[in-house]
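Read through the structure below, which is laid out as structure tokens, and then see the notes.
Chain A is the first sequence line, chain B the second, and so forth, proteins listed ahead of strands; every chain is numbered from 1.
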There are 2 protein chains.
Amino acid sequence: MKQIMQIALEEAQKAFKLDEVPVGAVIIDKEGNIVAKAHNLVERHKDATAHAEIIAIRKALAKTKDKYLSDFDIYVTLEPCPMCAATISLLRFRRLYFGAYDVKSGGVENGARIFNQPSCHHVPEIYGGIAESKSAKLIKDFFAQKREKF
Amino acid sequence: MKQIMQIALEEAQKAFKLDEVPVGAVIIDKEGNIVAKAHNLVERHKDATAHAEIIAIRKALAKTKDKYLSDFDIYVTLEPCPMCAATISLLRFRRLYFGAYDVKSGGVENGARIFNQPSCHHVPEIYGGIAESKSAKLIKDFFAQKREKF
């Protein structure tokens, strides 16, 4: 479990180096094989929805050719936003593991709390706070560096 | 306004003919020009996230090459789900017009009520219930026909 989150953190580092908000995501199958990994590319893609989760999900869907990702688990270094959380629900992911909690923009334990809605049709098993401090440090360092620049 | 929703309803009809849940979406620019239109293609695309809004948005982003769609309005025949509503917020749409309300899966006036969350960073102007009965009838007819088949 930690090893997969480590790979997600390496993805987040790649985003950091590209001056993108450092978030990484990895999708694995039931056997633990990595089927997709990605990092946030909002600036590069000129697309405010190009979150790590969404890019990894698009890659996984292209591979599986199934309309759901029921047999898959997703690891994300930061608590998914409402868009990503609702996407994870629609695709019926088996498990969601995430790193740091995101009070400002998260949609799992914060904000819209997507999976807590009675009308949420699929709730994965959810494990938050995995490698939380490492993930939070990346985000904190990123924004500290941003502030120094301006 | 009604004219654009009529075009969105024609998109929904296309979905109906393809045996897809009949939902259509149209995106217009400030001058009222249509920049993208689409219908639900979840089954055809084998992708549970291939909602009308998402497909129209991907087309619009490809055209505009901007990371936000701030100068655009989106028309949808059905109340957007939480994923689509959160996507509309992230992209900073100017206005959202929608048709029928969706008690079961909507995320604007129902469920996660995405735009009502204090942590929702952008709320468009929202107009619900446009051509509501036509849109609702399409959905109702679709599921009635589905039930007959089984």
Side-chain angles (χ1 to χ4, degrees), chain A residues 20-21 40-51 53-55 57-70 72 79-93 101-123, chain B residues 20-21 40-51 53-55 57-70 72 79-93 101-123:
Chain A
E20 299 270 1
V21 177
N40 175 35
L41 284 171
V42 163
E43 305 302 330
R44 290 271 163 132
H45 283 194
K46 290 186 195 289
D47 174 358
T49 71
H51 290 185
E53 300 93 311
I54 301 297
I55 300 171
I57 282 169
R58 302 239 68 79
K59 288 183 186 176
L61 282 169
K63 276 189 189 173
T64 59
K65 297 179 172 62
D66 187 5
K67 74 172 174 169
Y68 300 119
L69 294 171
S70 324
F72 298 84
E79 178 185 344
C81 77
M83 174 188 70
C84 291
T87 300
I88 287 164
S89 173
L90 276 175
L91 290 168
R92 301 183 188 173
F93 269 93
Y101 294 86
D102 186 354
V103 175
K104 204 176 145 225
S105 301
V108 179
E109 300 282 340
N110 292 286
R113 290 177 174 77
I114 291 295
F115 303 111
N116 293 3
Q117 303 299 330
S119 60
C120 181
H121 305 311
H122 172 79
V123 179
Chain B
E20 299 271 2
V21 177
N40 175 35
L41 284 170
V42 162
E43 304 303 329
R44 292 270 162 134
H45 283 193
K46 291 187 195 285
D47 173 0
T49 71
H51 290 185
E53 299 93 311
I54 300 298
I55 301 171
I57 282 168
R58 303 239 67 79
K59 287 182 187 178
L61 282 169
K63 276 190 188 174
T64 59
K65 298 178 171 62
D66 187 4
K67 73 173 174 169
Y68 300 119
L69 294 171
S70 324
F72 298 84
E79 178 184 345
C81 77
M83 174 188 70
C84 292
T87 300
I88 288 164
S89 173
L90 275 176
L91 289 169
R92 302 185 187 171
F93 270 93
Y101 294 87
D102 186 353
V103 175
K104 202 177 147 227
S105 302
V108 179
E109 301 282 339
N110 293 287
R113 291 179 174 76
I114 292 293
F115 302 112
N116 294 2
Q117 302 299 331
S119 59
C120 180
H121 305 310
H122 172 80
V123 179

Pair B/His121-B/Ser89, side-chain donor/acceptor within less than 3.5 Å: no
Heavy-atom contact with chain A under 4.5 Å, split by part of B/His45: neither
[X] portion near chain B, given a 4.5 angstrom heavy-atom threshold:
X: A/Cys84; value: neither
X: A/Asp47; value: both
X: A/Arg92; value: neither
X: A/Leu90; value: both
X: A/Pro82; value: both

Least distance between heavy atoms, B/His122 atom then B/Ile88 atom: CD2-O, 4.5 Å
Determine whether [X] and [Y] make a side-chain contact, defined as any pair of heavy atoms from C-beta on separated by less than 4.5 Å.
X: B/Arg58; Y: A/Thr49; answer: yes
X: A/Val21; Y: A/Val42; answer: no
X: A/Asp102; Y: A/Val108; answer: no
X: B/Asp66; Y: A/Lys46; answer: no

Leading residue by heavy atom contact count with chain B [cutoff under 4.5 Å; candidates A/Ser119, A/Gly107, A/Ala48]: A/Ala48
Option in B/Ala50, B/Ala112, B/Ala86 with maximal non-hydrogen atom pairs under 4.5 Å from chain A: B/Ala112
